[in-house]
Amino acid sequence: MCAGTTVFSPLIHCDVVSTMRTAVVGVGGLGHLAVQFLAKLGCEVTAISSTHSKDEEARQLGASRFIATKNSDELQRAARSFDFILVTVPADLPWRDYLGALRPEGTLCLVGIPESDLKVPPFDIVLLRGASSAEERARQATPHACCTLRRSMA
């Protein structure tokens with residue numbers, strides 16, 4: 001039950017709905033449940049793992065897409081693709097790439113706690129609003145305009 005609550009609670013707290021394009025980072029215990037929950041909610045689900053070894057398994061759980069990150073630019077090619085990314089792995093990741101994979105107003109939610117502090121240039125968060133020019137970025141750089149980085153209570 002604890003694993004289910006760990007991944008389901010953020011879906012509720014972050015207002016995940018069926019029309020969202022979502023991603024789950026890590027196709028292990030928590031990731032298995034997250035992929036299934038998101039698929040049952042009707043979301044488009046992309047599973048993200050370091051290699052393609054869990055591709056078929058993730059698709060059987062309900063993922064419609066799969067991204068392998070090791071020695072690959074697949075994550076970078078998915079720039080601005082996701083409304084919600086749930087990170088289930090306790091690892092230091094290329095956070096800048098994951099923020100870049102979010103659509104404007106997207107949410108990056110961590111239930112796997114990384115070993116190190118998150119290090120992201122603040123301007124990368126402001127860019128998540130979708131601004132394409134310096135003038136537009138300056139206009140949108142307000143506290144309510146930034147990407148939401150939420151901490152799960154689970």
Side-chain angles (χ1 to χ4, degrees), residues 3-28 30-50 58-59 61-69 72-114 116-154:
T5 301
T6 299
V7 296
F8 190 73
S9 178
L11 305 184
I12 301 304
H13 289 291
C14 295
D15 301 319
V16 174
V17 295
S18 63
T19 56
M20 289 184 164
R21 296 172 66 186
T22 64
V24 176
V25 181
V27 188
L30 293 176
H32 281 157
L33 291 172
V35 168
Q36 291 177 79
F37 285 150
L38 289 164
K40 293 293 183 189
L41 284 172
C43 298
E44 179 182 317
V45 184
T46 298
I48 302 174
S49 191
S50 56
R59 290 178 192 277
L61 294 170
S64 56
R65 295 180 55 222
F66 191 92
I67 292 174
T69 58
S72 162
D73 67 346
E74 290 181 53
L75 183 58
Q76 292 83 2
R77 288 193 323 241
R80 300 172 61 107
S81 292
F82 305 111
D83 299 298
F84 179 79
I85 299 174
L86 183 65
V87 179
T88 67
V89 296
D92 294 323
L93 298 172
W95 299 112
R96 194 173 200 176
D97 293 340
Y98 284 96
L99 286 173
L102 288 171
R103 297 173 80 179
E105 304 290 333
T107 299
L108 178 67
C109 179
L110 282 65
V111 294
I113 307 302
S116 304
D117 292 341
L118 299 180
K119 294 185 178 144
V120 178
F123 201 64
D124 286 2
I125 295 172
V126 173
L127 287 176
L128 287 173
R129 287 282 296 152
S132 58
S133 69
E135 180 180 326
E136 189 178 351
R137 285 192 297 271
R139 188 178 76 251
Q140 293 180 356
T142 58
H144 68 276
C146 291
C147 160
T148 304
L149 301 174
R150 300 182 184 185
R151 182 177 66 189
S152 172
M153 299 306 288

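- The line from CD1 of Ile85 to CZ of Arg103 is 11.5 Å long, rounded to the nearest 0.5 Å.
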Derivation and outcome, side-chain contact (heavy atoms from CB on, under 4.5 Å), residues Leu108 and Leu102: CA-CA 8 Å; Leu108 178 67; Leu102 288 171; 4.0 Å; yes

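- Residues Trp95 and Lys119 approach most closely at CD1-N, 4.4 Å, considering heavy atoms.
- How far OH of Tyr98 is from CG of Leu118: 12.5 Å, rounded to the nearest 0.5 Å.
- Here the side chain of Asp92 pairs no donor or acceptor atom with the backbone of Pro114 at under 3.5 angstrom.
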Test side-chain contact (heavy atoms from CB on, under 4.5 Å) on Thr22 and Glu44; report intermediate values, then the result. CA-CA 6 Å; Thr22 64; Glu44 179 182 317; 5.9 Å; no

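- A distance of 5.5 Å separates CZ of Arg65 from OG of Ser81, quoted to the nearest 0.5 Å.
- Inter-residue side-chain proximity for Pro90 and Ile113 is flagged as unmet; no heavy-atom pair is nearer than 4.5 Å.
- Across all their heavy atoms, Ser64 and Arg59 have their closest contact at O-NH1, 2.9 Å.
- By the side chain to side chain contact (heavy atoms under 4.5 Å, CB included) test, Phe8 pairs with Leu11, Ile12, Phe37, sequence neighbours left out.
- What you find for Gln76 and Asp97 is that their closest heavy atoms are NE2-OD2, 2.9 Å.
- No donor-acceptor distance shorter than 3.5 angstrom exists from the side chain of Gln36 to the backbone of Leu61, with no hydrogens or angles considered.
- The two atoms that bring Ala58 and Val27 nearest to each other are CB-CG1, 4.1 Å, heavy atoms only.
- Contact record, Ile67 with Phe82: CD1-CZ, 4.1 Å, taken as the closest heavy-atom pair.
- Annotation for Val111 and Val7: closest pair CG2-CG1, 4.4 Å, computed over non-hydrogen atoms.
- With a 4.5 Å cut-off on side-chain heavy atoms, Ser18 and Leu41 do not count as touching.
- One finds the OG1 atom of Thr19 at 7.0 Å from the CG atom of Asp83 (value rounded to the nearest 0.5 Å).
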Please test Val16 against Cys43 for side-chain contact (heavy atoms from CB on, under 4.5 Å), starting from the C-alpha separation and ending with a verdict. CA-CA 8 Å; Val16 174; Cys43 298; 3.7 Å; yes

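- The side chain to side chain contact (heavy atoms under 4.5 Å, CB included) with Val25 is formed by just one residue from the set Leu86, Leu93, Thr88; it is Leu93.
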